[in-house]
Amino acid sequence: MEESEDVPKDFVKLKCEKLSVDEVSELVVSPCCGAVSLFIGTTRNNFEGKKVIHLEYEAYTSMAETEIKKICRNVRQKWPSVKHIAVHHRLGVVPITEASVIIAVSSPHRTESLEAVMYCINTLKASVPIWKKEIYEDEYSWKENKECFWANSEN
Amino acid sequence: QVSVLYFARSAELAGLRCETLSVPREITSLQLWEEIVKVHPRLAVIRDQVIFAVRQEYVHLGDQLLVLQPGDEVAIIPPISGG
């Protein structure tokens, strides 16, 4: 295998089908890397005592992909040894306990990939135009991330 | 003429996801908001929570002067909840 085939890559996908941890982690595995770090965001079955039936996600898809790619560029500036980055986010209906987002990062040593994964999910929650609707038994609610960089929380 | 995109709560309040609007070529972001609220008054309730994305760059509602081209995308972005 030529060295040039293992250039750092970003894998960004928004899709309606069930996400696969195996698929996402295999995307970032690399012979030069001793660490693959993963974050999986799963759906909880309750919020403030209400039973959550399922979640629905929608996105401004083209801008969301662009914003996630910006996050990948920032990761590479902050942690230059990071090799591959994969961010898969699910759209549409997500049943309870299934994954809504999987982020995987590979690096030669573990510190960089662990930090980069945390940075990815925190920044995604602050700046990527994706919305989640929680469906309860009698009603629904559009959620708002506290990380959202322009909204003031008035609680 | 610009394409206005509505998402999440703003799409529910406006009753649609996408439309073409005629607006002045040069307009502040706040004036643009006011033009949109004239067409969809129910959007007024989320005024303090939204941001625009103009040509896929975030723009706060305020005095920033926008120079719009025909066919530009302007999106109403309610507070996000990805991840």
Side-chain angles (χ1 to χ4, degrees), chain A residues 12 14 19 39-43 47 55-71 87-91 94 99-103 117-134 140-154, chain B residues 2-21 28-34 36-37 40 42-64 66 68-83:
Chain A
V12 178
L14 304 181
L19 302 182
F39 171 81
I40 307 165
T42 56
T43 62
F47 176 74
L55 303 185
E56 290 176 19
Y57 282 91
E58 70 177 69
Y60 183 2
T61 315
S62 50
M63 186 175 175
E65 287 174 357
T66 307
E67 288 294 309
I68 296 173
K69 286 179 187 159
K70 278 185 198 168
I71 293 173
V87 179
H88 280 204
H89 201 300
R90 194 162 170 191
L91 300 179
V94 183
S100 349
V101 62
I102 302 178
I103 298 173
V117 163
M118 180 151 73
Y119 172 84
C120 278
I121 184 62
N122 289 346
T123 313
L124 186 153
K125 282 180 168 292
S127 66
V128 175
I130 296 176
W131 297 270
K132 168 168 79 178
K133 190 159 108 172
E134 273 179 358
Y140 66 83
S141 166
W142 286 105
K143 306 306 298 179
E144 301 180 0
N145 290 342
K146 63 183 193 308
E147 299 88 345
C148 176
F149 74 84
W150 65 86
N152 303 313
S153 61
E154 320 214 62
Chain B
V2 294
S3 289
V4 183
L5 306 179
Y6 302 90
F7 293 96
R9 184 127 186 261
S10 70
E12 287 178 351
L13 290 169
L16 75 177
R17 296 203 156 266
C18 176
E19 66 183 343
T20 316
L21 276 189
T28 69
S29 53
L30 186 56
Q31 285 166 343
L32 178 58
W33 174 257
E34 284 159 2
I36 293 169
V37 170
H40 302 287
R42 291 172 64 198
L43 286 173
V45 298
I46 56 172
R47 185 233 177 283
D48 290 336
Q49 298 154 35
V50 298
I51 196 170
F52 279 127
V54 178
R55 296 183 293 268
Q56 301 195 5
E57 298 284 343
Y58 288 116
V59 177
H60 290 276
L61 269 59
D63 296 331
Q64 182 169 339
L66 306 172
L68 299 171
Q69 310 291 339
D72 273 351
E73 261 181 18
V74 172
I76 314 286
I77 310 274
I80 53 179
S81 38

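Order of the sequence lines fixes the chain letters, A, B, ..., with proteins taken first and strands second; residue numbering starts at 1 for each chain. Scope of the values below: all heavy atoms of this structure, side chains included, with no hydrogens, waters or symmetry mates.
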Of the non-hydrogen atoms in [X] and [Y], which two are nearest, and what is the gap between them?
| X | Y | value |
| --- | --- | --- |
| Lys133(A) | Glu12(B) | NZ-OE2, 3.6 Å |
| Ile80(B) | Ile130(A) | CB-O, 3.6 Å |
| Lys70(A) | Glu57(B) | NZ-OE1, 3.8 Å |

Rounded to the nearest 0.5 Å, how far apart are [atom1] of [X] and [atom2] of [Y]?
| X | Y | atom1 | atom2 | value |
| --- | --- | --- | --- | --- |
| Ile77(B) | Cys148(A) | CD1 | SG | 10.0 Å |
| Glu147(A) | Ser81(B) | CD | OG | 10.5 Å |
| Trp142(A) | Gln49(B) | CH2 | CD | 13.5 Å |

Examine whether an atom of Arg55(B) lies under 4.5 Å from a heavy atom of chain A, and if so say whether it belongs to the side chain, the backbone or both; otherwise answer neither.
-> neither
Given a strict heavy-atom distance threshold of 4.5 Å, which part of Leu5(B) is in contact with chain A: side chain, backbone, both, or neither?
-> side chain
Using the test side-chain hydrogen bond (donor to acceptor under 3.5 Å, both in side chains), find all partners of Asn145(A) that sit at least two apart in sequence or belong to another chain.
-> none
Arg9(B) with Glu144(A): basic N within carboxylate O range, under 4.0 Å = no
Under a 4.5 Å heavy-atom cutoff, which of Pro78(B), Ala75(B), Ala53(B) has the most pairs with chain A?
-> Pro78(B)
Aromatic ring pairing Phe149(A)/Tyr58(B), orientation class (parallel under 30°, perpendicular over 60°, tilted between) = perpendicular
For Ala59(A), is it the side chain, the backbone, both, or neither that has a heavy atom closer than 4.5 Å to a heavy atom of chain B?
-> backbone
Do the side chains of Ile76(B) and Tyr60(A) get nearer than 4.5 Å, heavy atoms only?
-> no
Sequence-distant partners of His88(A), ring pair (Phe, Tyr, Trp, His ring centres under 6.0 Å), two or more places apart | none
Give a yes or no answer on whether the side chain of Trp131(A) reaches the backbone of Phe7(B) with a donor-acceptor pair at less than 3.5 Å.
-> no
Quick one: which of Ser100(A), Ser127(A), Ala64(A) has the most heavy-atom pairs under 4.5 Å with chain B, could you say?
-> Ser127(A)
